[in-house]
Protein chains: 2
Amino acid sequence: MLGLLKALPFFAAGREPEDLLTVSTDRKPSRIQMRNRRRILDAALEVFSQHGYRGATLDQIAESAGLSKPNILYYFEGKEEIHITLLNQLMETWLDPLVTLDPQGDPLTEILNYVHRKLDMAHEFPRESRLFAGEILQGAPRMAPHLQAGLQPLFDEKCDVIQKWMDAGHLNSVDPRHLIFSIWATTQHYADFAAQVRVLLHDDPGAQAGAAEYLTALFTRLLKP
Amino acid sequence: MLGLLKALPFFAAGREPEDLLTVSTDRKPSRIQMRNRRRILDAALEVFSQHGYRGATLDQIAESAGLSKPNILYYFEGKEEIHITLLNQLMETWLDPLVTLDPQGDPLTEILNYVHRKLDMAHEFPRESRLFAGEILQGAPRMAPHLQAGLQPLFDEKCDVIQKWMDAGHLNSVDPRHLIFSIWATTQHYADFAAQVRVLLHDDPGAQAGAAEYLTALFTRLLKP
DNA sequence: TCGTAGCTTTACCAAATGGTAAAATTTCTT
DNA sequence: AAGAAATTTTACCATTTGGTAAAGCTACGA
C-alpha cells in the first residue's frame, strides 16, 4: 500500500499526474483517520511544546499517542509536517482574540477584554503558548511566511483601530504597536515562563486572579485619557 | 593524558582521593585555557540560544568555536556541562539590574531605571535572553535549583522593598510580584520574540527608542500615586 | 636542548533517530 | 462471505550525535 499520504488532499504538495487511482480515495477522512490524526497532533503538541522541535522525537510522540512510529508516518509525511500542521492549526485559535477586537465597541472595554481573553488562553492552553514561543524564539524558521501573511495584516489593521480611538481622544495616546506587544508579553509570560512563576509565587493558588487584577490596573491606568 | 578535567578545581564533582598527582595541576588556568574556554562558551551561547539545548550539537559548537569536537571535550566534560556553565555565568549578569535596585533611591526613578536597564540588556544581549527563555520554557530542567537558590531570595527581597514604597505612599499600590513579572515580560519580549517584532515593525529603526518611550509611559502611569 | 606537561588531532564507536519496505491484519463494501 | 482497501506491525537502514582512546604535536621550564 502506498499509504494515504498522496490520497488526502490536504497532503497535496507535488501531485503525481499519472497516479490517477489515488483520485478515487480523495473522499473525506474516515473516523479512524480523524481519531488517529487527532491523537498524533495532541501527542505532538505535548512533546514539541516541552522539548522544542529538534528536541522532540518521533518515538516520544508515538508513545504518547499510543501508536507505533511507522504508524505515525502513515498519517504524516514526517516530523516536520506534524510540526507545521500543529502551528497552522494553532495560528487561528491564537489570533482569534485579536480578530474579535471590535472597532465599534467601547475602546477601553475592548482592550481590557482582549487582555483578559489572552490571559485566559495562557492559563487554558499553556502548551500551545509554549509551542508558539519556542518557534518564535528560534527565529520562526517554520512560521515566518505565516507571520507575514496571517498575523501582519491583522496586526496593522488593529493598530489602525486603536490609533483612531486615540486620535478621537477615547484613549490616552501611546504607540499601538508597543501596546499590543506589551499585552502579548505580559499575558503569555504566565504560560511561557510558568516554571519560573511557579517557583517565585510558591504555587500561590490566587496567582491567576492576582495577575488578572494587576493587568487590569496596568492597562487601565495607561489608557484612561 | 587524562586531560585537565579532573585537574581544574571548578570541574570538581567526585574527586578521586588516590589521584594525588592532579593536585599539582591545581594552578590557575593558562592563557590558552582561558582563550579556548571563552571561545567555546561564546560559540555555545550562539548555538544553544538559536537551537535550544537538544537542538544544538557539539559539532555545531565546535565549528563555530573553530576547534575540533574532541578538543572541546578536553575543556568540558560534555554537552551538558557547557550548557550549565553558560547558564551559571549568565545568571549573575542577568540579575544584576535587580540587585542594584536601591531601597534608598527615589522609588519611581529606581523602577524606571530598572526597566531601562532590562530593556538595554534585551537589545545588547539577545542571545543570553533567548538562552534563558529557552531554558525556562522547557521547565528549567537544568536551572530549577538556581532559581530557588539564586533568584528567589533576591525576588522576595526586592518585592519587600517595593511593597514598603507602596505602603509609604510613594507608589501606587499593586502586587509587586506581578509588577516585576510584567517588567521582565515586556523588556525581554524584544529579545525573545525578535523574529516576530522584526516582521511586524518592518525593521523600523526607531523601534528601540519607541519601546523605551512606551514602557516609560506604561510604568509611570501605573505607579504614580 | 631535552623531557615533560599541556594541547590537538585522527580514527573510532554505540546509541539514538528519522525514515522505509513489505508483510500481516483489520475494516469496509458489496 | 469474499475481495479490496485501509490500517498496523515487524524488521530494517542510513545518518547523526555525544563521546572515547590513543597517538602526535607544541611549548615551556630546567
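Just so we're clear, the structure is a prediction, and the values are computed from it rather than from any experiment. Just so it is clear, the values below take in all heavy atoms, side chains as well, and ignore hydrogens, waters and symmetry mates. Every chain is numbered from 1, with letters handed out A, B, ... down the list of sequences.
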Over how many whole Å does the gap from [X] atom [atom1] to [N] atom [atom2] extend?
X: A:Gln33; N: C:dC28; atom1: CD; atom2: P; value: 11 Å
X: B:Arg35; N: C:dG6; atom1: CZ; atom2: C1'; value: 13 Å
X: A:Phe76; N: D:dT7; atom1: CZ; atom2: C1'; value: 15 Å
X: B:Leu73; N: C:dC7; atom1: CG; atom2: P; value: 16 Å
X: A:Ile82; N: C:dG18; atom1: CD1; atom2: C1'; value: 11 Å
X: B:Lys79; N: D:dG19; atom1: NZ; atom2: P; value: 8 Å

| task | For the residue pair B:Ile61 and B:Leu67, establish whether any side-chain heavy-atom pair is separated by less than 4.5 Å. | result |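 No - every pair of side-chain heavy atoms lies 4.5 Å or more apart.
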| query | Is the shortest heavy-atom distance from the side chain of A:Arg54 to the side chain of A:Gln138 under 4.5 Å? | reply |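 No; the side chains remain at least 4.5 Å from each other.
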| said: If the cut-off is 4.0 Å, is A:Asn36 near the phosphate of D:dA6, judged by side-chain N/O to OP1 or OP2? | reply: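 Indeed not, no polar side-chain atom of A:Asn36 lies that close.
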| query | Would you say a side-chain N or O of B:Tyr75 is under 4.0 Å from OP1 or OP2 of C:dC7? | reply |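 For B:Tyr75, the contact criterion (side-chain N or O under 4.0 Å from OP1 or OP2 of C:dC7) is not met.
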| field | Proximal nucleotide (of D:dG18, D:dT8, C:dG18) relative to the A:Tyr74 side chain | value |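 It is D:dT8.
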| Which of these nucleotides, C:dG18, C:dT20, D:dT8, is closest to any side-chain atom of A:Asn71? |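 Looking only at side-chain atoms, A:Asn71 lies closest to D:dT8.
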| field | Qualifying residues under ring pair (Phe, Tyr, Trp, His ring centres under 6.0 Å), relative to A:Tyr114, sequence neighbours excluded | value |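 Result, ring pair (Phe, Tyr, Trp, His ring centres under 6.0 Å) vs A:Tyr114: none returned.
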Basic-acidic side-chain contact under 4.0 Å: [X], [Y]:
X: A:Arg177; Y: A:Asp156; result: no
X: A:Asp192; Y: A:Arg130; result: no
X: A:Asp42; Y: A:Arg127; result: yes

| Nucleic acid contacts - residues 49-68 of chain A versus DNA chain D, non-hydrogen atoms under 4.0 Å |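 Going residue by residue through residues 49-68 of chain A, the ones with a heavy atom under 4.0 Å of DNA chain D turn out to be A:Arg54, A:Ser68.
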| Below 6.0 angstrom between ring centroids: does that apply to B:Phe219 and B:His116? |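 No - the distance between ring centres of B:Phe219 and B:His116 does not fall below the 6.0 Å cut-off.
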| query | Donor-acceptor pair under 3.5 Å: do we get one between B:Lys69's side chain and the base of D:dG18? | reply |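 A donor-acceptor contact between them is present.
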